[in-house]
J.: 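Handing you a structure now.
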Amino acid sequence: MSNAIQRTELKTFYYTPVHCPFCGTRVMGADPVDETHITACPHTLFIAHDTAFEYRSERFDRNLQLDGLSDQEVEARWQEEADGVDGLTNQVTLADAIKVAAYAPAPSAYGSYYGFAPTE
Ligand SMILES: [Zn+2]
């Protein structure tokens, strides 16, 4: 039985700030001076967009067997073996993991991806 990450998609309100569903931390855009600043809480697995990972937790790396890989090797994984960052992050199998995928409308079709899972 597969235990794939649960996905939520934001398409209309794709710009809505994303908060951790487990503790309420606003993981991106919380700093008014630097809106690209990332605030990863203990539940955050990854924060990424279509061209790069902004944040990867140890749990995420272990789950997808990315630990020990260089950034270039990780990039090769999602470019060559998975269907991009979106496809790679869909492969997470941590219990009760949740992914929020925010897609800006066409023609941009730019995606941002946030992953969370409860801690023990
Ligand atoms: Zn949290």
Side-chain angles (χ1 to χ4, degrees):
M1 179 183 145
S2 76
N3 191 22
I5 193 167
Q6 302 169 81
R7 288 173 49 92
T8 295
E9 295 189 358
L10 301 178
K11 289 178 172 170
T12 303
F13 301 104
Y14 61 91
Y15 46 81
T16 301
V18 174
H19 297 65
C20 171
F22 303 110
C23 73
T25 296
R26 182 170 168 176
V27 294
M28 210 161 175
D31 184 343
V33 178
D34 178 7
E35 294 209 329
T36 63
H37 183 76
I38 284 168
T39 310
C41 69
H43 313 104
T44 307
L45 298 175
F46 57 82
I47 298 172
H49 46 79
D50 280 325
T51 53
F53 278 93
E54 300 284 349
Y55 173 79
R56 298 185 346 246
S57 73
E58 275 181 37
R59 284 199 296 168
F60 173 74
D61 277 3
R62 276 199 307 272
N63 187 241
L64 293 187
Q65 282 145 21
L66 301 174
D67 39 353
L69 300 186
S70 69
D71 287 347
Q72 288 78 12
E73 288 169 322
V74 171
E75 188 165 331
R77 274 282 295 274
W78 57 259
Q79 286 192 341
E80 293 158 21
E81 295 173 37
D83 188 16
V85 171
D86 202 4
L88 179 65
T89 52
N90 283 345
Q91 296 174 4
V92 168
T93 57
L94 288 160
D96 299 335
I98 293 172
K99 170 176 170 179
V100 177
Y103 300 105
S108 140
Y110 183 80
S112 301
Y113 312 104
Y114 308 85
F116 306 95
T119 49
E120 290 183 15

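Order of appearance sets the numbers: ligands from 1, and atoms from 1 within every ligand. Position 1 is the first residue of the sequence; numbering continues from there.
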J.: Can you spot which of Glu58, Glu73, Arg77 makes a side chain to side chain contact (heavy atoms under 4.5 Å, CB included) with Leu66?
T.: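 Exactly one option meets the side chain to side chain contact (heavy atoms under 4.5 Å, CB included) with Leu66, and it is Arg77.
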J.: Please state whether the rings of Phe22 and His43 are parallel, tilted or perpendicular, taking 30° and 60° as the class boundaries.
T.: tilted
J.: When rounded to the nearest 0.5 angstrom, what distance separates CZ in Phe60 from CG in Leu94?
T.: 9.5 Å
J.: Could you please tell me which protein N, O or S atoms lie under 2.8 Å from the Zn ion (ligand 1)?
T.: Cys20 SG, Cys23 SG, Cys41 SG, His43 ND1
J.: Are Arg56 and Asp67 ion-paired here, with the side-chain N under 4.0 Å from a carboxylate O?
T.: no
J.: Going by the side chain to side chain donor-acceptor pair (under 3.5 Å) test, which pairs reach into residues 107-120, not counting sequence neighbours?
T.: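 Residue pairs passing side chain to side chain donor-acceptor pair (under 3.5 Å), neighbours aside: His49-Tyr110, Asp50-Tyr113.
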J.: Is a side-chain N or O of Lys99 found less than 3.5 angstrom from the main chain of Phe46, in a donor-acceptor match?
T.: no
